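Here the structure is a predicted model, which means the values were calculated and not measured.
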Amino acid sequence: MEKIRMTTPIVEMDGDEMTHVLWKIIKDELICPYVDLKSEYYDLGLRNRNATNDQVTIDSANANKKYGVAVKCATITPNAARMKEYDLKEMWKSPNGTIRAILDGTVFRAPITVKGIEPYVRTWKKPITIARHAYGDVYKNVEIDVPGPGKAELLFTGEDGTEIRETVFDYKGPGVLQGIHNLDKSIASFARSCFNYALDTKQDLWFATKDTISKKYDHTFKDIFQEIYEAEYKEKFEKAGIVYFYTLIDDAVARVMKSEGGFIWACKNYDGDVMSDMISSAFGSLAMMTSVLVSPDGKYEYEAAHGTVQRHYYKYLKGEETSTNSVATIFAWTGALRKRGELDGISELEQYADRMEKAVIQTIESGKMTKDLALITSLENVTALNSEDFIRAIRQTYDAL
């Protein structure tokens with residue numbers, strides 16, 4: 001069978017630990033036998049980020065801006081333990097945060113639903129999509145370990161020398177201090193991305209922050225969303241028969257738990273990080289969630305919504321068998337290749353992606369799945385496969401379609 005030819009590369013961002021191991025198996029079994037893969041490769045493994053002083057992360061993001069489509073493996077964001085384990089020069093920032101800041105996009109995450117894996121929330125009938133702002137907040141913060149008594153101040157100095165100063169706190173002893181920021185431009189891009197995605201998918205859009213407490217920071221998000229909606233999208237939403245509304249984040253959580261699903265929930269950066277994990281777990285598994293970063297100028301970066309599966313990697317290093325769910329990583333590849341095909345007018349590449357995703361779902365629904373799904377499925381007589389055998393089973397399904 002002749003392989004599908006690509007005309008433009010996708011940017012390939014390799015990663016860490018067990019997902020890095022699966023990355024090669026997925027390429028060998030599910031991609032390269034069918035696609036003449038063209039990719040510009042970047043090793044975002046922690047050791048290479050350390051060796052390049054994290055320049056490789058910046059380079060990969062700029063390549064994403066150049067080529068328009070990227071696929072990313074899960075990567076380690078180091079803490080103190082990781083710094084010691086990997087003998088790092090410094091505690092490098094989240095590569096996802098760096099990439100998102102350069103692209104200034106919005107992350108859309110939605111669960112992959114299959115028969116036999118029912119949501120833990122019994123009212124949920126349709127997938128819930130999380131739209132996560134991908135700039136600023138705690139991911140671009142500045143922190144201080146406060147050594148002892150003193151006054152902490154928030155100071156802004158304008159280009160004309162004008163100062164705005166606020167006292168944060170009068171410390172009587174040691175503590176910690178954090179400063180975060182955001183930009184009106186980025187918030188506006190976030191809003192438009194959410195409104196456009198809602199129109200494209202014909203889904204209601206919810207937006208939630210805590211403006212009653214954060215009367216400037218969160219309130220700015222609320223105001224910008226409302227201004228853009230009224231000026232640019234209200235008539236379009238009414239014509240499409242969909243709804244936009246704002247509510248407090250705590251009210252949104254309560255309403256989500258009683259809803260049927262089938263809508264987009266827009267969240268600030270950290271809120272979206274936490275809530276997407278909650279949504280994916282409640283729908284069955286962290287490894288069953290798609291994630292795509294969409295920039296305002298139409299650049300796309302596809303990834304799995306979960307981490308590097310550290311525990312399984314340590315078992316793998318000992319030569320022990322693992323049963324790691326690779327579905328989200330496979331869907332990151334198919335999402336990127338489908339978008340590349342769409343942008344380049346290669347229908348065969350789009351059809352390949354559709355068929356591969358169908359093969360993944362059919363494999364699970366036939367009773368062949370990884371251990372995490374076998375423990376929660378309502379299907380009977382299932383077979384829990386190891387990491388490699390699950391991917392090979394998908395290939396067999398694909399070939400039989």
Lys38, NZ atom: more than 12 neighbouring heavy atoms under 6.0 Å: no
Asp271 and Lys268, any side-chain heavy atoms less than 4.5 Å apart: yes
Contact check, side chains of Met289 and Pro111, non-hydrogen atoms, under 4.5 Å: yes
Residue Asn381 excluded, over 12 heavy atoms near CG under 6.0 Å: no
Salt bridge flag under 4.0 Å for residues Lys210 and Asp218: no
Check: Leu248 main-chain N/O paired with Asp211 side-chain donor or acceptor under 3.5 Å: no
Side-chain donor or acceptor of Asp16 paired with backbone N/O of Ile76 under 3.5 Å: yes
More than 12 heavy atoms from other groups under 6.0 Å of NZ on Lys299: yes
Pair Arg82 + Glu17: basic N to acidic O under 4.0 Å: yes
Cationic tip of Lys236 above Tyr233 ring, under 6.0 Å, 45° of axis: yes
Ring geometry between Tyr244 and Phe225 (parallel below 30°, tilted from 30 to 60°, perpendicular above 60°): parallel
Distance flag, aromatic centroids of Phe237 and Tyr229, threshold under 6.0 Å: yes
Side-chain donor or acceptor of Ser291 paired with backbone N/O of Ala305 under 3.5 Å: no
Short N-O contact, Asp354 and Arg338, less than 4.0 angstrom: yes
Sidechain-backbone polar pair: Thr57 side chain, Pro95 backbone, donor-acceptor under 3.5 Å: no
Residues Tyr314 and Gln310: side-chain donor-acceptor under 3.5 angstrom: yes
Over 12 foreign heavy atoms within 6.0 Å of CD, Glu153: yes
Tyr197 and Phe108 aromatic ring geometry - parallel, tilted or perpendicular at 30°/60° bounds: parallel
Residue pairs involving residues 277-299 (criterion ring-ring contact (aromatic ring centres under 6.0 Å, His included); sequence neighbours excluded): Trp124-Phe283
Any donor-acceptor N or O pair under 3.5 Å, side chains Thr322, Tyr313: no
Heavy atoms from other residues, nucleotides or ligands near CD of Glu166 exceed 12 (cutoff 6.0 Å): no
Distance-only side-chain donor-acceptor flag, Glu388 / Asn386, under 3.5 Å: no
Minimum side-chain heavy-atom gap Val107-Asp273 below 4.5 Å: no
Check: Ser193 side chain, Ser189 main-chain N or O, donor-acceptor pair, under 3.5 Å: yes
Heavy-atom side-chain proximity of Thr106 to Arg132 below 4.5 angstrom: no
Electrostatic pair Arg395-Glu29, nearest N-O below 4.0 angstrom: yes
Ser285 side chain to Ser281 backbone, donor-acceptor under 3.5 Å: no
CG/Asp145: more than 12 non-hydrogen atoms of other groups inside 6.0 Å: no
Glu348 bridged to Arg5 by N-O distance under 4.0 Å: no
Main-chain N/O of Gly15 paired with Thr19 side-chain donor or acceptor, under 3.5 Å: no
Side-chain donor-acceptor pair present, His133, Tyr139, cut-off under 3.5 Å: no
Thr290 side chain to Ala110 backbone, donor-acceptor under 3.5 Å: yes
Backbone of Gly272 reached by a side-chain donor or acceptor of Ser276 within 3.5 Å: yes
All pairs passing ring-ring contact (aromatic ring centres under 6.0 Å, His included) where residues 11-49 contributes a residue, at least two apart: Trp23-Trp333, Tyr34-Tyr398
Gln362 side chain to Thr397 side chain, donor-acceptor N/O pair below 3.5 angstrom: no
Heavy-atom donor-acceptor pair, Asn182 side chain to Tyr217 backbone, under 3.5 Å: no
Whether Tyr302 and Tyr300 hold their rings parallel, tilted or perpendicular, with breakpoints at 30° and 60°: parallel
Residues, nucleotides or ligands: over 12 heavy atoms within 6.0 Å of Glu90 CD: yes
Side-chain donor-acceptor pair present, Lys72, Thr75, cut-off under 3.5 Å: yes
4.5 Å side-chain heavy-atom contact, Ile391 and Leu22: yes
Pair Thr123-Glu260, side chain to side chain donor-acceptor pair (under 3.5 Å): steps then yes or no: CA-CA 5 Å; Thr123 60; Glu260 291 188 352; over 6 Å; no
Exercise: do Asn96 and Ser94 side chains pair donor with acceptor under 3.5 Å: no
Arg192/Glu227 ion pair, N-O < 4.0 Å: no
Atom NZ of Lys315: over 12 foreign heavy atoms under 6.0 Å: yes
Derivation of the side chain to side chain donor-acceptor pair (under 3.5 Å) call for Tyr67 and Glu40: CA-CA 9 Å; Tyr67 291 110; Glu40 187 164 299; 3.0 Å; yes
Distance-only side-chain donor-acceptor flag, Ser280 / Asp277, under 3.5 Å: no
Close side-chain approach of Ile394 and Ile26, heavy atoms under 4.5 Å: no
